[in-house]
Asker: 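Sharing a structure with you now.
Below, chains carry the letters A, B, ... as their sequence lines are ordered, and counting in each starts from 1. Quantities reported herein were computed from a predicted structural model and do not represent experimental measurements.
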There are 2 protein chains.
Amino acid sequence: MTMRLLPHPATEDIELTEVLRALSDPVRLEIVARLSVAGEMTCTVAGDDLGVHKSTASHHYRTLREAGVVITKQEGRLKYMSLRRDDLQARFPGLLDSILSATHPRLPVPAQP
Amino acid sequence: MTMRLLPHPATEDIELTEVLRALSDPVRLEIVARLSVAGEMTCTVAGDDLGVHKSTASHHYRTLREAGVVITKQEGRLKYMSLRRDDLQARFPGLLDSILSATHPRLPVPAQP
DNA sequence: CGTATAGTTTGATAATTGTCAAACCATAGG
DNA sequence: CCTATGGTTTGACAATTATCAAACTATACG
């Protein structure tokens, strides 16, 4: 029952244009809005009722991860995503906060334990 | 020698995802960085040494304008672009500032008079 | 071991996008 | 009126992207 981190860019390698592009898609922005409320979610929960196929959602998870917006850790069969708040704040101060305050999840999301 | 404003979205119609997408292109981000320093520029000056054809630059001006990032006014033959700082601040507080502080123009830009 | 669960990968497709080149339009100025 | 200037539009093309469906992988559990 070990825990693994999926590969993701180092903080200093996060590119502004890639972050902005990742967040410029409504589906991905919704995922990020949910993560900002829930703190940490499995892909299944994050992708619930998004209106896209699960493979499409999976593609969006990868886009967010490769842009440096989320980090994913695997525990057993589940993959938990969470926002890289501190890394983004260090790299682009205020950016994520300003985006999040303009965004609210369309769907109620379970609070983290 | 009258002055005309080109059509652009009302402040309340500016969409977050469209702003983010507009700013997610390196060429457009460079234009915006220049505008943030120069305050107001003609298209020719804004597009100087961007590394793209002038028709491509023109396409980027339109993208920025339609996303609500810049406003363009025409005086004679010249078109002056400037950032919609106040409108963006009203709509998405802190967003433009955080992006601008992560960006600096690659090229020295003449200060506005 | 066999099966169900969680999520990814691999086509395939349609739509969007960034780019250049050439033609075009509008205004200023001789 | 003619021409040069500043910028846009149109057409073409290659690359990227959002999407679905189906196949696949890996882990947990009985």
Asker: Quick one, give me the B/S/- string for nucleotides 17-26 of chain D, reading 5' to 3', where B means a protein heavy atom under 4.0 Å from the base and S means that only happens at the primed atoms, P, OP1 or OP2.
Answerer: SSBBBB----
Asker: What integer distance in Å separates B:Leu64:CG from C:dG18:P?
Answerer: 11 Å
Asker: Quick check against the 3.5 Å criterion: does A:Ser98 have a side-chain atom that pairs as donor or acceptor with the backbone of A:Gly94?
Answerer: yes
Asker: So, the side chain of A:Ser58 versus the backbone of A:Lys54: is there a donor-acceptor pair under 3.5 Å, distance only?
Answerer: no
Asker: Provide, to the nearest angstrom, the distance between the CD atom belonging to A:Glu66 and the C1' atom belonging to D:dT16.
Answerer: 14 Å
Asker: Sub-3.5 Å donor-acceptor pair from the side chain of A:Arg4 to the main-chain atoms of A:Gly76, do we have one?
Answerer: no
Asker: In residues 5-22 of chain B, what donor-acceptor pairs under 3.5 Å come from side-chain atoms, sequence neighbours left out?
Answerer:
| from | atom 1 | to | atom 2 | distance (Å) |
| --- | --- | --- | --- | --- |
| B:His8 | ND1 | B:Leu6 | O | 2.9 |
| B:Thr11 | OG1 | B:Asp87 | OD1 | 3.2 |
| B:Arg21 | NH2 | A:Ser24 | O | 3.0 |

Asker: Could you list all the salt bridge (charged side-chain N to carboxylate O under 4.0 Å, His left out) pairs where at least one residue sits in residues 61-74 of chain A, not counting sequence neighbours?
Answerer: A:Glu40-A:Lys73, A:Arg62-A:Glu66
Asker: Tell me the interatomic distance from B:Leu50, atom CG, to C:dG18, atom P, rounded to whole angstroms.
Answerer: 14 Å
Asker: Return the value, rounded to whole Å, for the distance between atom OH of A:Tyr80 and atom C1' of C:dT5.
Answerer: 13 Å
Asker: Between B:Tyr61 (side chain only) and B:Cys43 (backbone N and O only), is there a donor and an acceptor less than 3.5 Å apart?
Answerer: yes
Asker: Starting at CG of A:Leu78 and ending at P of C:dT5, how long is that distance when rounded to a whole Å?
Answerer: 13 Å
Asker: Rounded to the nearest angstrom, tell me the gap between atom NZ in B:Lys73 and atom P in D:dG6.
Answerer: 19 Å
Asker: Measure the distance from CG on B:Leu6 to C1' on C:dC25 and round it to the nearest whole Å.
Answerer: 14 Å
Asker: Roughly how many Å is it from CZ in B:Arg62 to P in C:dT19, rounded to a whole number?
Answerer: 16 Å
Asker: From D:dT8, C:dT8, C:dT9, pick the nucleotide closest to the side chain of A:Lys79?
Answerer: C:dT8
